[in-house]
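Okay, so here's the structure we're looking at.
Remember, predicted model here, so these are calculated numbers, not experimental data. What's counted below: heavy atoms across the whole structure, side chains too, no hydrogens, waters or symmetry copies.
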Amino acid sequence: MTAQTQIGALLHEDHMATVEMLQTLEAFIGDHRNPPSAAVGAKFLGELATTLRNEVGKHFGFEEGHLFPVFIGLGETGIVTMLTHEHRSILPLALQVADLAEQGDFDAASWKAFRDAGQELIEREIFHVQKEEMGLLAAIAHLVDPKTDAELAEIYRREVG
């Protein structure tokens with residue numbers, strides 16, 4: 001079993017919160033074949049939009065701005081390239097879902113757009129989290145020294161939450 005680093009533990013916690021939110025989104029979409037009334041999903045849709053804007057954007061920003069440069073400095077560019085490419089496809093989709101969620105009062109067309117984008121986001125983001133859980137966290141444990149780990153954890157706490 002791989003020893004867990006401070007930054008790995010923080011990223012894992014964030015991943016689990018993201019997966020939980022995506023599972024709730026999947027259930028919400030599945031429970032509503034037709035557009036729900038504005039009152040039915042208002043609380044969830046507001047939380048979803050906030051989570052997508054803050055958590056995903058800040059999480060990706062931390063990885064790209066702080067963690068990935070450490071990997072690049074160690075010559076580990078493959079994982080950085082792959083994950084950055086995925087961030088570039090997930091973030092605009094997450095923001096689209098957040099925008100649609102904020103509108104909240106769906107008609108048939110906007111509900112279809114929300115459902116389609118939401119389902120695509122669920123698929124992409126779950127697969128991305130799995131890659132980070134299996135690959136990135138293990139790589140951090142093997143490559144990042146304890147001092148850098150502590151520094152990254154402090155930056156994460158300050159910038160992401």
Take Leu25 and Ile29 through the side chain to side chain contact (heavy atoms under 4.5 Å, CB included) test and state the conclusion after the steps.
CA-CA 6 Å; Leu25 172 59; Ile29 289 170; 3.7 Å; yes
If you apply the rule side chain to side chain contact (heavy atoms under 4.5 Å, CB included), what do you find for Lys131 with Leu136, and how did you get there?
CA-CA 7 Å; Lys131 286 180 189 175; Leu136 182 63; over 6 Å; no
Chi angles and distances behind the salt bridge (charged side-chain N to carboxylate O under 4.0 Å, His left out) call for Glu120, Arg115:
CA-CA 9 Å; Glu120 185 176 347; Arg115 284 177 56 117; over 6 Å; no
Would you sort out whether Arg88 and Glu64 count as a salt bridge (charged side-chain N to carboxylate O under 4.0 Å, His left out), showing the intermediate values?
CA-CA 11 Å; Arg88 296 292 175 263; Glu64 293 177 18; 2.8 Å; yes
Could you walk me through whether Glu76 and Ile72 pass side chain to side chain contact (heavy atoms under 4.5 Å, CB included), step by step?
CA-CA 5 Å; Glu76 297 294 329; Ile72 291 168; over 6 Å; no
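If you chain together hydrophobic residues whose side chains sit under 4.5 Å apart, Val70 and Leu83 fall into the same group. Transitive grouping of hydrophobic side chains (ILVMFWY, heavy atoms separated by less than 4.5 Å) brings Leu74 and Ile7 into a common cluster. Side-chain heavy atoms closer than 4.5 Å link hydrophobic residues (I, L, V, M, F, W, Y) into clusters, and following such links, even through other members, never connects Leu10 to Val19. Val80 and Ile155 fall within a single hydrophobic cluster, where Ile, Leu, Val, Met, Phe, Trp and Tyr side chains are chained together by heavy-atom contacts under 4.5 Å.
Taking each heavy atom of Ile90 and Glu125 in turn, the nearest pair found is CG2-OE1, 3.1 Å. Closest of all the heavy-atom pairs between Ser89 and Arg124 is O-NH1, 2.8 Å. Leu52 and Met21 make their closest contact through CD2-CE, 3.6 Å (heavy atoms, listed as atom of the first residue, atom of the second, distance). Across Ala101 and Leu48, no two heavy atoms sit closer than the pair CB-CD2, 4.1 Å. Closest approach of Ile140 and Leu11 over heavy atoms only: CD1-CD1, 3.8 Å. Heavy-atom minimum distance, Ile126 versus Leu22: CD1-CD1, 3.9 Å.
One distance of note links CG of Leu95 with CG of Leu121; it measures 10.0 Å at 0.5 Å rounding. Atom-to-atom distance recorded for Leu45:CG and Lys43:NZ is 12.0 Å, nearest 0.5 angstrom. The structure places CG of Asp31 at 10.5 Å from CD of Glu26, a figure rounded to the nearest 0.5 Å. Summarising the geometry, atom OG1 belonging to Thr18 is positioned 5.0 Å from atom CG belonging to Asp14; distances are rounded to the nearest 0.5 Å. Leu93 contributes atom CG, which lies 10.5 Å from atom CG of Asp116 (distance to the nearest 0.5 angstrom). Taking CG from Leu137 and OG1 from Thr5, the interatomic distance works out to 7.0 Å, rounded to the nearest 0.5 Å.
Counting non-hydrogen atoms of other residues, nucleotides and ligands closer than 6.0 Å to CZ of Arg158 gives a total above 12. Heavy-atom neighbours of Glu20 CD from other residues, nucleotides or ligands within 6.0 Å: at or below the threshold of 12.
Counting heavy atoms from C-beta on, the side chains of Thr81 and His85 never come closer than 4.5 Å. You'll find the side chain of Pro35 stays beyond 4.5 Å of the side chain of Phe114, heavy atoms only. A heavy-atom distance below 4.5 Å is not found between the side chains of Glu154 and Gln6. Side-chain contact between His59 and Tyr156 is present, with at least one heavy-atom pair separated by less than 4.5 Å. Between Leu67 and Phe62, some side-chain heavy-atom pair lies under the 4.5 Å cut-off. Between Arg53 and Glu102, the closest side-chain pair of non-hydrogen atoms falls below 4.5 Å.
With ring centers used as reference points, Phe60 lies under 6.0 Å from His128. Centroid-to-centroid, the aromatic rings of Phe68 and His87 come within less than 6.0 Å.
Between Lys112 and Asp107, none of the side-chain N atoms (NZ, or NE/NH1/NH2) sits under 4.0 Å from a carboxylate O, so this pair counts as no salt bridge.
A side-chain donor-acceptor contact under 3.5 Å links His66 and Glu159. Side-chain contact annotation: His12 with Gln4, donor-acceptor N/O pair under 3.5 Å absent.
In this structure, the side chain of Trp111 does not engage the main chain of Asp105 through any donor-acceptor pair within 3.5 Å.
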